[in-house]
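Convention: sequence-line order gives letters A, B, ...; per-chain numbering from 1.
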There are 2 protein chains.
Amino acid sequence: MGQGMSKSNNVYKDAYNRCLRLLDETRSLPSEPELGALLGVSRTTVRSILARMEETGLIAWNKRAKTVLRDPHPDDFFPEEETDTLAEIIERSFMRRLLAGGAEAGMQINELELAREIGVGTTSVREFLIRFSRFGLIEKRRNSHWVLKGFTRAFALELTEIREMFELRSAAAFTALPQDSPVWGDLDRLEGEHRVLAREIATRFNEFSELDERLHRLIHRASRNRFIVDFYDVIAMIFHYHYQWNKAQERERNEVAIGEHLAYIEALKSRDLGKVDAACRRHLKSARQTLLTSIPESRPPQKS
Amino acid sequence: MGQGMSKSNNVYKDAYNRCLRLLDETRSLPSEPELGALLGVSRTTVRSILARMEETGLIAWNKRAKTVLRDPHPDDFFPEEETDTLAEIIERSFMRRLLAGGAEAGMQINELELAREIGVGTTSVREFLIRFSRFGLIEKRRNSHWVLKGFTRAFALELTEIREMFELRSAAAFTALPQDSPVWGDLDRLEGEHRVLAREIATRFNEFSELDERLHRLIHRASRNRFIVDFYDVIAMIFHYHYQWNKAQERERNEVAIGEHLAYIEALKSRDLGKVDAACRRHLKSARQTLLTSIPESRPPQKS
DNA sequence: CTAATGTCTTTTATCGTGAAAAAACAGTTT
DNA sequence: AAACTGTTTTTTCACGATAAAAGACATTAG
């Protein structure tokens, strides 16, 4: 099916699904521009959504009046997999191959083959590879193919080295922020969420990764340096797949991490540079350890 | 002209030009694979080159025998501008616009317009923007346009902050390299070239930038960290355009920088961490100053 | 007269296509 | 038989075209 397909309408489908969830809460929808702002899409997309909602009898739509007629049914939703960006699909597919073994370092990456395998055009794959190259896992040979550098121990060490450098500096900058900065409020809120999660860790341990990212991003932002802030994308991406990949002792690991986070937050609030430094180092060290244990040990260099 | 053009043959033209320069030195050319390795292109391209050289009477070509018949004439060469990569063309064009003023921060970037203006396809522009985004000068709005962040004072400060962090660490790693590492030889050679240039600074001052890049890259490589090494691309790119842009007191600036480099090299050779740190800091501080003075002062934020 | 809706235009995202260049394969020469 | 040349196949690079989505403009409602 669909061989001449030019562009998927995932933006529309995703926004439609999110709009459906809104329906439960109100008896009538707001204006088109307002809805657009709420869903993060243009009015054009909003109108497509409204048109379909009218068609399927979810709402009655006449100019400004958008009255909800019935609650959404499970199969009013578009299937999850149709709401993903092409970039997400390609990334997932690529990472699956990379982590599922058989992906030796030095192996060459074939754009055409990847594109065919995933069922997308070569342009999209090319653009993905260019974007992905900043993560340091692949490299381009001048006017030739891409080469896989591999998700190795060396990679993890290089990544964490930078991470530690950046985060120590950001954490120090954090303590220097004025008392009336909104970050202190954000920090308090995060602390609260950590405490709640710590209490319910038995059932909700998998919600930690999201909290982890939010805390570290808040701290990195204090550096006010775009290169430091952007670098967190690399870390986030790696940890995202790492969490999915390594489920061993997830609960215990997250429980420990929450404890470290709380100590870290405490240190930040004390504004004592020495304490901050110590708490930050302690947490990053254990994060590095966790990452390293999930990577298969590489053979020591052979003497021939 | 050329509206259905699919791919320029700049690889061929550039390699052809470089091959012409080889002709002066020998009476006959080596084998096809050897020539390919020498020029950094595939044998397919080598054969195209040889075919044309035969056509234009530069060589007689019969299987293994490739005898040079005459010296190349200036108009045997392809014009310089036809040997550039599309990526180079787009980058130059883009940077010219950016530096030539009128490029306010926050301005939106239009792919189609850029493509038309430069006379290339939209795909190439898109791929360029994706690649270029890692330099921190532009940013993408989710499923919408690109936004220019501007070549501002803030940018220069953020860039140099990272640079200083990375280079101090690399320089420290450098001193820890074993005595038999080839870097010490490289360093000696660079020192020699610096001394020669220092002597002939009056006429050759514009050759400094290349030397500068080679020294700093050598040092950064000692970090053995791909993120640090790759980050030098950002620095190199910025300084490349900065050198073209700001010609004021170029000779004096470069003379000072050579002095700093020599002191820096001396410190590295002494393997004294304290000296290295001091020399590195001194040089980076003046490099930052040079960069900052070339950026027009931004107005302080208005109170309204 | 402001803020919405209705309509039209522009821009982005993605594909298939074809030429340039690389790479693989097959046949020769020394 | 090792290394080269001749030939064929693959892969990368760049384009124009087209649907999705954004954005601009014109019109109308409150």
Using distance only, find each side-chain donor-acceptor pair of residues 124-132 of chain B under 3.5 Å and give its atom names and separation, not counting sequence neighbours.
| from | atom 1 | to | atom 2 | distance (Å) |
| --- | --- | --- | --- | --- |
| B:Arg126 | NE | A:Glu127 | OE2 | 3.2 |
| B:Arg126 | NH1 | B:Glu111 | OE1 | 3.4 |
| B:Arg126 | NH1 | B:Glu111 | OE2 | 3.1 |
| B:Arg126 | NH2 | A:Glu127 | OE1 | 3.1 |
| B:Glu127 | OE1 | A:Arg126 | NH2 | 3.0 |
| B:Glu127 | OE2 | A:Arg126 | NE | 3.2 |

[X] [atom1] to [N] [atom2]: how many Å, rounded?
X: B:Asp14; N: C:dA20; atom1: CG; atom2: C1'; answer: 15 Å
X: A:Lys13; N: D:dA19; atom1: NZ; atom2: C1'; answer: 13 Å
X: A:Leu29; N: C:dT5; atom1: CG; atom2: P; answer: 11 Å
X: A:Leu35; N: C:dT5; atom1: CG; atom2: C1'; answer: 14 Å
X: B:Arg142; N: D:dG23; atom1: CZ; atom2: P; answer: 13 Å
X: B:Ile130; N: D:dA14; atom1: CD1; atom2: C1'; answer: 14 Å
X: A:Arg141; N: C:dA23; atom1: CZ; atom2: P; answer: 11 Å
X: A:Asn9; N: D:dA20; atom1: CG; atom2: P; answer: 6 Å

Side chain to side chain donor-acceptor pair (under 3.5 Å) contacts touching residues 48-70 of chain B (sequence neighbours left out):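 The answer is B:Arg70-B:Asp76.
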Sequence neighbours excluded, every pair satisfying side chain to side chain donor-acceptor pair (under 3.5 Å) that has a member inside residues 7-25 of chain A: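 Passing the test, one end in residues 7-25 of chain A: A:Ser8-A:Asn10, A:Lys13-A:Glu82, A:Asp14-A:Arg18.
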Short N-O contact, B:Arg134 and B:Asp233, less than 4.0 angstrom: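 So B:Arg134 pairs with B:Asp233 through a salt bridge.
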Salt-bridge criterion met for B:Arg92 and B:Glu88 (N-O under 4.0 Å):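 No, no charged N to carboxylate O under 4.0 Å.
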Would you say [X] places a side-chain N or O within less than 4.0 Å of OP1 or OP2 belonging to [N]?
X: A:Lys7; N: C:dG16; value: no
X: B:Asn143; N: C:dT12; value: no
X: A:Lys140; N: D:dC13; value: yes
X: A:His145; N: D:dT10; value: no

Contact list for residues 22-53 of chain A, test ring pair (Phe, Tyr, Trp, His ring centres under 6.0 Å), sequence neighbours left out: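 Applying ring pair (Phe, Tyr, Trp, His ring centres under 6.0 Å) to every pair that reaches into residues 22-53 of chain A, excluding sequence neighbours, yields nothing.
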Residue whose nearest DNA chain C nucleotide is more 5′ - A:Thr85 or B:Asn110: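 That would be B:Asn110.
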B:Arg64 or A:Glu34, whichever maps to the more 5' nucleotide of DNA chain C: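 First, find each residue's nearest nucleotide; the 5'-ward one identifies A:Glu34.
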DNA chain D contacts among residues 41-63 of chain A, heavy-atom distance under 4.0 Å: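 Correct list: A:Val41, A:Ser42, A:Arg43, A:Thr44, A:Thr45, A:Lys63.
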Interface residues of residues 111-127 of chain A with DNA chain C (non-hydrogen, below 4.0 angstrom):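 Within this stretch, A:Val120, A:Gly121, A:Thr123, A:Ser124 sit under 4.0 Å of the strand.
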A:Glu80 atom CD, neighbour heavy-atom count above 12 within 6.0 Å: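 For A:Glu80, atom CD is not crowded (no more than 12 foreign heavy atoms under 6.0 Å).
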Counterpart residues, ring-ring contact (aromatic ring centres under 6.0 Å, His included), relative to A:His220 (two or more places apart):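 For A:His220, the residues satisfying ring-ring contact (aromatic ring centres under 6.0 Å, His included) (neighbours in sequence not counted) are A:Tyr232.
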Candidate nucleotides D:dG6, C:dT29, C:dT12, ranked by approach to the side chain of B:Glu32 - the nearest: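 Selected nucleotide (nearest to the side chain): D:dG6.
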Candidate nucleotides C:dG18, C:dA4, D:dA21, ranked by approach to the side chain of B:Ser6 - the nearest: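 In terms of side-chain proximity for B:Ser6, the closest of C:dG18, C:dA4, D:dA21 is C:dG18.
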Where at least one partner belongs to residues 38-48 of chain B, residue pairs that pass salt bridge (Lys or Arg N to Asp or Glu O under 4.0 Å), sequence neighbours excluded: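 Counting only pairs at least two positions apart or across chains, the salt bridge (Lys or Arg N to Asp or Glu O under 4.0 Å) contacts touching residues 38-48 of chain B are B:Glu32-B:Arg43, B:Glu32-B:Arg47.
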Selection residues 143-152 of chain A - residue pairs positive for salt bridge (Lys or Arg N to Asp or Glu O under 4.0 Å), sequence neighbours left out: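 Only A:Glu139-A:Lys149 qualify under salt bridge (Lys or Arg N to Asp or Glu O under 4.0 Å).
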Salt bridge (charged side-chain N to carboxylate O under 4.0 Å, His left out) partners of A:Arg224, counting only residues at least two apart: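 Partners of A:Arg224 by the salt bridge (charged side-chain N to carboxylate O under 4.0 Å, His left out) criterion come out as none, since no residue qualifies.
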Inter-end axis angle, the helix from C:dC1-D:dG30 to C:dT30-D:dA1, with every axis fitted to five base pairs (rounded, 10 degrees):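 Nearest ten degrees gives 30° for this helix.
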Taking every non-hydrogen atom, the tightest pair across A:Cys19 and A:Leu35: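 The answer is SG-CD2, 4.4 Å.
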Given DNA chain D, 5'-ward residue of the pair A:Trp146 and B:Lys66, judged by closest heavy atom: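 Counting from the 5' end, the first nearest nucleotide belongs to B:Lys66.
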If you look only at distance, which donor and acceptor atoms sit under 3.5 Å apart when one is on a side chain in residues 235-245 of chain A and the other is two or more places apart or in another chain?
| from | atom 1 | to | atom 2 | distance (Å) |
| --- | --- | --- | --- | --- |
| A:Tyr241 | OH | A:Glu91 | OE2 | 2.9 |
| A:His242 | ND1 | A:Ser294 | OG | 3.1 |

Sugar-phosphate only, base, or nothing, as touched by B:Ile109 at under 4.0 Å among non-hydrogen atoms: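 Result for B:Ile109 = sugar-phosphate.
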